[in-house]
Structures are given as C-alpha cells and as structure tokens.
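See structure below.
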There are 2 protein chains.
Amino acid sequence: MTQTVEHTRERLLQAALRRFSERGFAATTVKQIAADVGLKAPAIYNHYASKEELLVAASTWALDAFQNYVLGQDDPSQGDVERLEGLVRRHVLYQLTNLEVARANDLVLDEVTMQESLPPEMSRDIRGRMRVHLDLLTTLTSSVIGSSAYPDARTTALAITTLCDRVNVWYRPGGPSSADEVADAYWVLAKRLLAI
Amino acid sequence: MTQTVEHTRERLLQAALRRFSERGFAATTVKQIAADVGLKAPAIYNHYASKEELLVAASTWALDAFQNYVLGQDDPSQGDVERLEGLVRRHVLYQLTNLEVARANDLVLDEVTMQESLPPEMSRDIRGRMRVHLDLLTTLTSSVIGSSAYPDARTTALAITTLCDRVNVWYRPGGPSSADEVADAYWVLAKRLLAI
DNA sequence: GTCTATATAGCGATAGAC
DNA sequence: GTCTATCGCTATATAGAC
C-alpha cells in the first residue's frame with residue numbers, strides 16, 4: 001500500500017501495448033487504456049499528448065526490448081554459424097516469452113508496411129531498425145553460404161527471420177512444446193535453409 | 001459507355017477488399033468505400049446490410065479465390081513431392097499476383113487470431129478452411145519426410161506455408177525478381193526444409 | 001494529477017424525396 | 001437505386017473545478 005502508486009506513465013504504456021497488440025490501434029480507445037490502469041480517459045492527457053503519441057511510445061518500447069534482447073547479446077568474436085544460431089534462438093525465444101510485445105511489433109511493422117498510419121519520422125526509424133537486424137542476418141548468412149549461392153543470402157536471411165517472426169502466430173503457451181523445444185526445432189530448420 | 005454500369009454490389013466488394021487490406025477494418029470508413037465506386041455512403045446499404053457484412057463478403061470472396069487457385073489445381077494422382085511443389089508454387093504465385101487479396105487474407109486471418117472482430121460463425125469457417133490447407137500440406141509432408149522426422153511434419157508444413165504466406169510482405173512488383181523467379185527460389189527453400 | 005462536463009468531429013446507419 | 005438530411009452514438013481531446 002505504501003507505493004502502489006507506480007509511475008502512471010509506464011503503466012499506461014504497458015496497457016496501451018497490450019490493447020494495441022490485441023485489437024489494433026484504430027479499434028482501441030483511450031477510454032479502455034485508461035480503465036485498465038484505473039483512470040478516466042482524460043487523465044491520459046496528463047501523461048501523453050495524444051493517442052498517437054501513446055502508439056509511438058509503445059512501439060518504440062517494444063522495438064527496443066526486442067532489439068536489446070536479440071541483437072544486444074550478439075558476440076562478434078564468435079563464429080558466423082554460432083552467431084546465426086544465437087540470433088535465431090533468441091528471436092524465437094523472444095517471440096514466445098513476450099507474446100504481447102511480439103504481437104505489438106508485428107502490428108507496428110504492419111502499419112509501417114501500409115501507409116499513413118504512423119508519423120513518417122517513426123516509419124523511417126522502424127524501417128531503419130529492421131534493416132539493421134536483416135543486414136546483420138544477411139551478412140552472416142552470406143559468410144556461411146557464400147556470395148554466389150542460390151537462393152541468395154538476402155532471400156535466405158529473409159526466410160529465416162520470417163519463420164522466427166511468425167512463430168507466435170500458431171504457438172500456444174499451454175501446448176505440447178516448450179519455448180526452448182521450439183527454438184531447437186527452428187534452429188534445425190534454419191540450418192536446412194542454410195544447407196548446412 | 002454501353003454498360004459501364006457493372007454490378008455495383010461487386011464493385012463495392014472489390015473496393016472494400018482493397019481498403020480493408022490497406023488500412024484494416026476499423027480504420028476504413030464506409031464513406032471511403034462508397035467514394036471509390038462513385039457513390040455516397042448511404043447507397044452502400046442498398047447492397048449490404050452493414051459494414052460488417054461487407055467485411056464478411058470480402059473475406060469470403062478472398063479466401064475462396066485463394067483456395068480455388070491453390071487447392072483447386074491439386075491433382076491427387078500425382079506424386080507427393082509433385083503435389084507439394086504445386087502447392088508451394090501456386091501459393092507464392094498467388095500471393096505475388098494478387099497482392100491485395102493476399103493482404104486481405106492476412107488481415108482476416110489476423111482478426112481471427114485476435115478476438116471479437118468477426119462474427120463467431122465466420123471465425124469458425126475461416127479456421128476450418130485454413131485447417132484444410134494445412135492438413136493437406138501436413139499429410140503430404142509426412143509422406144515425404146516420414147512420421148518420425150524431426151522437426152515433425154506439422155512443424156515443417158507450418159514453416160513452408162508461413163514462408164509462402166509472407167512473401168508478399170517484402171516483395172515489390174517493380175523489383176529485381178519476377179513472381180516466377182521467387183516461386184522457383186521458394187520451392188528450393190521448401191525442399192531444403194523437407195531435407196530433399 | 002484526477003475528476004466532471006463539454007467541445008468538436010466523425011462514425012455507421014436510417015428516413016424520405018426523387 | 002441514389003440522393004440529402006439527419007439521428008444517435010462514440011471517439012479524441014480540452015476546460016476548469018478540486
């Protein structure tokens with residue numbers, strides 16, 4: 001009871017993240033987000049200037065969390081295959097142990113793929129971040145399969161990251177496989193795509 | 001000029017399909033759909049009872065078109081590998097030559113994955129249809145890789161269909177590859193996943 | 001920093017003339 | 001079958017009291 005206060009701003013961000021990831025941006029109302037943290041709708045505007053700013057904040061937070069986890073642990077002193085394995089495993093594990101954040105990332109990526117949904121500045125930022133991830137994956141893939149491989153490194157890297165990215169679409173927490181088991185299986189699949 | 005009339009109902013459905021696929025259901029207004037076919041918003045209700053009915057009609061149409069193309073040409077008298085090749089190639093080609101419809105299918109599948117967006121009857125219908133596709137793919141995969149393979153046939157089939165499904169996310173019509181070239185490359189990737 | 005009350009705007013959908 | 005006008009509602013966001 002002493003400091004159940006907790007910073008309202010952060011709790012609003014988490015509530016927004018969950019709502020946006022469940023129903024999408026347009027179908028979510030600020031009233032719902034406010035209610036999730038025990039507030040009336042107008043109180044939100046003491047913390048965020050607009051609903052769109054909430055989307056930007058939530059999306060940025062989700063992308064940061066993903067990249068910190070997946071890319072932050074990459075160790076350039078390791079071999080290329082080991083680095084690829086780490087990227088694949090962490091990508092899968094992240095998707096499966098942070099279903100909400102992962103869904104939010106799917107969502108924001110979708111809104112970037114489409115038009116007008118997000119402020120252009122943020123669209124650029126997001127594209128840039130995804131490029132960092134894909135470029136690293138492509139570089140490592142190229143080292144492993146060679147520069148004249150068919151399909152080429154970019155196509156192969158895209159296939160690998162797509163598989164990892166979509167794992168949360170069909171995975172259900174209570175199901176037969178643990179997240180680690182799925183990560184194992186997906187690294188096997190990735191190795192097949194790399195033909196190693 | 002003789003019969004530029006064309007059945008308004010169908011043109012509305014196509015306009016709805018495009019709008020929904022571009023911006024999502026909640027963010028699309030009936031006014032926009034009506035304007036796309038040169039009508040005012042209320043005229044829509046002479047053809048569809050509600051915005052939701054337009055979504056149901058558009059989604060059903062899109063799913064039918066996809067399944068007719070991909071599954072309708074499947075020939076059970078062929079070998080398992082040949083049938084898998086056909087399914088993969090047609091899936092990719094369909095995604096790339098019907099970008100709008102493909103996006104609409106992504107969308108409706110997403111709304112099914114989430115909750116409440118669609119009438120429950122339709123959610124069941126869509127789940128059933130996707131099961132038909134995945135079940136066929138899983139059966140053929142199982143025949144090819146065996147029932148004790150690791151990862152198992154369902155995981156492998158899911159990976160293959162996921163790759164095909166997401167090809168339209170990064171493909172751009174004016175880019176370096178034709179749809180046929182992408183289909184070639186993806187069948188190579190699918191074979192690697194099948195370890196053949 | 002939260003509340004109630006309200007401004008403003010846009011939505012889906014209906015009524016009724018043509 | 002389409003139009004204009006409008007209903008009823010809900011949305012985001014603001015104003016001002018506490």
Side-chain angles (χ1 to χ4, degrees), chain A residues 1-59 104 107-108 111 114-119 122, chain B residues 1-59 104 107-108 111 114-119 122:
Chain A
M1 215 78 79
T2 48
Q3 47 102 257
T4 320
V5 201
E6 237 177 310
H7 303 89
T8 310
R9 192 181 152 87
E10 202 149 345
R11 297 181 62 218
L12 280 172
L13 185 137
Q14 295 301 328
L17 191 67
R18 203 177 72 251
R19 288 286 183 178
F20 291 158
S21 72
E22 281 171 357
R23 309 263 289 142
F25 177 70
T28 299
T29 69
V30 296
K31 190 177 175 182
Q32 293 169 331
I33 297 170
D36 287 344
V37 304
L39 294 178
K40 302 293 181 183
I44 283 192
Y45 298 93
N46 290 320
H47 305 276
Y48 294 92
S50 67
K51 183 188 175 186
E52 191 183 61
E53 196 176 288
L54 252 178
L55 173 64
V56 171
S59 302
L107 179 91
V108 74
E111 312 241 22
M114 305 186 196
Q115 289 108 358
E116 305 181 62
S117 319
L118 250 30
M122 202 195 168
Chain B
M1 213 78 81
T2 49
Q3 46 102 259
T4 320
V5 202
E6 241 178 307
H7 302 89
T8 311
R9 191 182 154 88
E10 203 149 343
R11 297 181 61 219
L12 280 171
L13 185 137
Q14 295 300 328
L17 191 68
R18 201 177 72 250
R19 288 286 183 178
F20 291 157
S21 72
E22 280 171 357
R23 308 263 288 142
F25 177 70
T28 299
T29 71
V30 296
K31 189 178 175 180
Q32 293 170 330
I33 297 171
D36 288 345
V37 304
L39 294 178
K40 301 295 182 181
I44 283 193
Y45 297 94
N46 291 319
H47 305 278
Y48 295 92
S50 66
K51 182 188 176 187
E52 190 183 61
E53 196 176 287
L54 252 178
L55 173 64
V56 171
S59 303
L107 178 92
V108 73
E111 312 241 23
M114 306 187 196
Q115 289 108 359
E116 305 179 64
S117 318
L118 250 30
M122 201 194 167

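Chain A is the first sequence line, chain B the second, and so forth, proteins listed ahead of strands; every chain is numbered from 1.
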(message) The side chain of K40(A) is closest to which nucleotide in this list: dG1(D), dC3(D), dT4(C)?
(response) dT4(C)
Nearest-Å distance for atom pair [atom1]/[atom2], residues [X] and [N]:
| X | N | atom1 | atom2 | answer |
| --- | --- | --- | --- | --- |
| I44(A) | dT4(C) | CD1 | P | 15 Å |
| H7(B) | dG1(D) | NE2 | C1' | 14 Å |
| Y48(A) | dA13(D) | OH | P | 14 Å |
| N46(A) | dT4(C) | CG | P | 14 Å |
| E53(A) | dT14(D) | CD | P | 11 Å |
| L55(A) | dA11(D) | CG | P | 18 Å |
| E10(A) | dG1(C) | CD | P | 14 Å |
| L12(B) | dG1(D) | CG | P | 11 Å |

Show me the donor-acceptor pairs within less than 3.5 Å that the side chains of residues 42-49 of chain A make with the rest of the protein, sequence neighbours left out.
{"from": "Y48(A)", "atom 1": "OH", "to": "R9(A)", "atom 2": "O", "distance (Å)": "3.1"}

On a heavy-atom basis, which atom in [X] and which in [Y] lie closest, and how many Å separate them?
| X | Y | result |
| --- | --- | --- |
| R19(B) | T28(B) | O-OG1, 3.3 Å |
| V30(B) | A41(B) | CG2-CB, 4.2 Å |
| L17(B) | A104(B) | CD1-CB, 3.4 Å |

(request) Using side chain to side chain contact (heavy atoms under 4.5 Å, CB included) as the criterion, list what pairs up with A35(A), not counting sequence neighbours. (result) none
Give me, pair by pair, the N or O atoms of the protein and of nucleotides 11-18 of chain C that are less than 3.5 Å apart, along with how far apart they are.
{"from": "dG12(C)", "atom 1": "OP1", "to": "T28(B)", "atom 2": "O", "distance (Å)": "3.4"}
{"from": "dG12(C)", "atom 1": "OP1", "to": "V30(B)", "atom 2": "N", "distance (Å)": "3.4"}
{"from": "dG12(C)", "atom 1": "OP1", "to": "K51(B)", "atom 2": "NZ", "distance (Å)": "3.2"}
{"from": "dG12(C)", "atom 1": "OP2", "to": "V30(B)", "atom 2": "N", "distance (Å)": "3.1"}
{"from": "dA13(C)", "atom 1": "OP2", "to": "Y45(B)", "atom 2": "OH", "distance (Å)": "2.8"}
{"from": "dA13(C)", "atom 1": "OP2", "to": "K51(B)", "atom 2": "N", "distance (Å)": "2.8"}

(message) Ring of F20(B), cation from K51(B) - is the NZ or CZ under 6.0 Å from the centre and inside 45° of the axis?
(response) no
